[in-house]
Amino acid sequence: MQSGIRERLHFLNKFLHAPRQYGSVTPSSHWLAQTLLDPVPWNQVHSMAELGAGTGAITRFIPRGEKTGMNVLLFEIDPDFRSQLREEFPGCFCNNDCLRLRLALHNSSLEKLDCIVSSLSLMNFSKPDRTRFMEQLISSLKEGGWFITYEYFPRMKTELSQHFEILHTKWVLLNFPPALIYICRKKTTTQVQRENPKSTVNVVPISQVYTKR
């Protein structure tokens, strides 16, 4: 109980200093974490990433350990939270920059991900970084791979629908603030071409990724 209160106070202090970066005054509730991860077919997921892992409120609900054989990459820009994640989840790969997702995959000897769970709102990125973020997501996910995210104010649907098939949306009211979850899957090349025959999808081969930190 005490550790939970300290975690919330620590998160609140971070939010007060950089509200745009943290997006909320408190970590995600366990109701939000469970609702986010319930749709994931864990028996089909061998590699996944969590973006904006924060204090690990969602990470704690991700199956892990030797029994699962699953590779989990965590991304958190805050160095204090990242240190905490490394201590609590030693079997996960911790990274600081989600805009270098492909590089992190390369450094972890992974080619593609089966699932990405994100606590990052597209609206918190500048326009150039938002474009880069979406490129990193698309090039890192397998065709048909899962992308699950949420936001507090419904503004991302149009942009998400350009690259993902939105299977389901759901409000989680037992969270502060209430959150809207998007359960998505990456569109296949055939779907993209059918919807926009003139479009091309540029995916950077892993061999071309700049590998120096």
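All values reported here derive from a predicted model rather than from experimental measurement.
A salt bridge links E111 with R102: the closest approach of a Lys/Arg side-chain nitrogen to an acidic carboxylate oxygen falls below 4.0 angstrom. Note on K112 versus E143: no salt bridge recorded, every NZ/NE/NH1/NH2 to OD/OE distance being 4.0 Å or above.
Between L120 and T149, every side-chain heavy-atom pair lies at or beyond the 4.5 Å cut-off. Taking 4.5 Å as the limit, every side-chain heavy atom of L85 sits out of range of all side-chain heavy atoms of T55. Within the 4.5 Å cutoff, no side-chain heavy atoms of N96 are placed close to those of I77. Taking 4.5 Å as the limit, every side-chain heavy atom of H168 sits out of range of all side-chain heavy atoms of P39. Between F133 and L122 the shortest side-chain heavy-atom distance falls below 4.5 Å. Side-chain contact between F147 and L160 is present, with at least one heavy-atom pair separated by less than 4.5 Å. Looking only at side-chain heavy atoms (C-beta outward), L110 and N71 come within less than 4.5 Å of each other. For the pair I138 and L141, the minimum side-chain heavy-atom distance is 4.5 Å or more.
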Show your reasoning for whether side-chain contact (heavy atoms from CB on, under 4.5 Å) applies to L74 and T59. CA-CA 8 Å; L74 304 178; T59 319; 3.7 Å; yes

Going through the distances and angles, do K186 and H163 end up as a side-chain contact (heavy atoms from CB on, under 4.5 Å)? CA-CA 6 Å; K186 178 184 170 181; H163 307 282; over 6 Å; no

Worked check of side-chain contact (heavy atoms from CB on, under 4.5 Å) between T131 and E135: CA-CA 6 Å; T131 299; E135 289 172 347; 3.8 Å; yes

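The main-chain N or O of W146 is never found under 3.5 Å from a side-chain atom of R185 such that the two would form a donor-acceptor pair. Side-chain atoms of N95 never come within 3.5 Å of backbone atoms of A104 as a donor-acceptor pair (strictly under, hydrogens ignored). Between the side chain of N175 and the main chain of S29, a donor-acceptor pair closer than 3.5 Å is present. Between the side chain of E151 and the backbone N or O of R155 there is at least one donor-acceptor pair closer than 3.5 Å. The backbone N or O of L113 lies less than 3.5 Å from no partner atom in the side chain of K142, so there is not a single donor-acceptor pair. With hydrogens and angles disregarded, no donor-acceptor distance shorter than 3.5 Å links the side chain of K187 to the backbone of G144. Put simply, the side chain of E50 never gets that close to the backbone of V117: no donor and acceptor are under 3.5 Å apart. Side chain of S83 to backbone of P79: no donor-acceptor contact under 3.5 angstrom is found. Of the possible polar contacts, none joining the S140 side chain to the L137 backbone as a donor-acceptor pair under 3.5 Å is found.
Minimum heavy-atom separation, P154 to Y182: CA-OH, 4.0 Å. Among all heavy-atom pairs drawn from C184 and F164, the shortest one is CB-CB, 3.7 Å. Across all their heavy atoms, E76 and G52 have their closest contact at OE1-C, 3.6 Å. When all heavy atoms of S108 and F93 are compared, the pair lying nearest together is OG-CG, 3.9 Å. Across A33 and A57, no two heavy atoms sit closer than the pair CB-O, 3.8 Å. Contact between I148 and I181 at its shortest, heavy atoms only, is CG2-CG2, 4.2 Å.
Note that the CE atom of M48 and the SG atom of C92 stand 9.0 Å from one another [nearest 0.5 Å]. Of the inter-residue distances, the one linking F75 atom CZ with Q136 atom CD reads 8.5 Å to the nearest 0.5 angstrom. One finds the OG1 atom of T35 at 10.5 Å from the CD1 atom of I58 (value rounded to the nearest 0.5 Å). For the atom pair CG of L99 and CZ of F125, the computed distance is 5.5 Å after rounding to the nearest 0.5 Å. Going from atom CZ of R60 over to atom CD1 of I62 covers 11.0 Å, rounded to the nearest 0.5 Å. Annotation: the span from W31 atom CH2 to F176 atom CZ amounts to 14.0 Å, rounded to 0.5 Å.
The one candidate from S121, S118, S119 that meets the side-chain hydrogen bond (donor to acceptor under 3.5 Å, both in side chains) condition with Y150 is S119.
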